[in-house]
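Following: one structure in structure tokens, then a few remarks.
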Amino acid sequence: MSIDINNTLRAAPVVPLVQSDDPAVAVQISRALAAGGLTVAEVVLRTDRALECLQAVADEVPEMIAGAGTVLTADQANAAVDAGAKFIVSPGLDDGVVAAARERGVPVYPGIVTPGELQHAHNLGLDVVKFFPASLAGGVPMLRALSSVFRHMRFMPTGGVSPGNLAEYLAVPAVLACGGSWLTPAAAIAAGDYEQITKLAKDALAIAAGGSEASG
Ligand code: 3PG
């Protein structure tokens, strides 16, 4: 199975986080996001039932390309792919996670902050990495500095991205997409206000459509 996630992200370069301990809620969040035009999401492994949530989204929301986030170990990467993950995201760079994802034939986006980590990712043959935690790690100026040296690397900044700075991040040509939790506020989920999530997704898409200087 190979899905061109990068192509999908060119049209909608925002990757929301889906966090829940209830598979039915994860499905509703994912449907709300997809209704707003965001069809790539990261189901984060931060709850006891996160793998069940991922499986439910993979099974019940075919319009969503669901990956697994917060993948810390190779075993988790394998379990996530077993549950239907179409890609793997890690907060840091771990060779075992990268190898497991590759063996399973899914894209992997490990997190980096430093030039050393980025060089290691480059030399593992990766060309897209997560930049996390983006705002605390230097934000847009750091991304521009890193991408001036690592000319072929593409980045997914996550951590502190918001509607207020999304356009600025997406204006960096090396940025493939931004990730974030602002699209899925815990309060909206607790209130069952999925329309708010759809609206946040649409708003993010509008910002992305107006704010990028990259052409492809
Ligand atoms: C992540 O896992 O990528 C971050 O927790 C997201 O950071 P944010 O909550 O600042 O968007």
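Remember, it's 1-based here, ligands and their atoms both numbered in the order they're listed.
- With sequence neighbours excluded, no residue forms a side-chain hydrogen bond (donor to acceptor under 3.5 Å, both in side chains) with Asp75.
- Counting heavy atoms from C-beta on, the side chains of Pro185 and Ile197 come closer than 4.5 Å.
- Residue Asn7 qualifies as enclosed at atom CG: its count of foreign heavy atoms under 6.0 Å is above 12.
- Contact atoms of ligand 1 toward Gly180: 11 (O) (distance under 4.0 Å to a heavy atom of the residue).
- At a heavy-atom cutoff of 4.0 Å, ligand 1 is contacted by the side chain of Leu17 but not by its backbone.
- Residue contacts with ligand 1: Thr70 is excluded, as none of its non-hydrogen atoms falls under 4.0 Å.
- Gly159 counts as a contact of ligand 1, since one of its heavy atoms falls under 4.0 Å from the ligand.
- Contact atoms of ligand 1 toward Gly160: 8 (P), 10 (O) (distance under 4.0 Å to a heavy atom of the residue).
- Taking every heavy atom of Lys130 and a limit of under 4.0 angstrom, the matching atoms of ligand 1 come to 1 (C), 2 (O), 3 (O).
- Minimum heavy-atom separation, Gly92 to Pro110: O-CB, 3.5 Å.
- The list of side chain to side chain donor-acceptor pair (under 3.5 Å) pairs with a residue in residues 118-132, not counting sequence neighbours, reads Asp95-His120.
- Within the 3.5 Å criterion, the main-chain N or O of Ala32 finds a donor-acceptor partner in the side chain of Thr198.
- Looking at every heavy atom in both residues, Val106 comes nearest to Lys86 through CB-O, 3.7 Å.
- The protein atom (non-hydrogen) at minimum distance from atom 9 (O) of ligand 1 is Ser181 OG, 2.5 Å.
- Nearest-residue assignment for atom 2 (O) of ligand 1 (options Met156, Glu42, Arg46; heavy-atom criterion): Arg46.
- Nearest to atom 4 (C) of ligand 1 by heavy-atom distance, out of Trp182, Phe131, Phe132, is Phe132.
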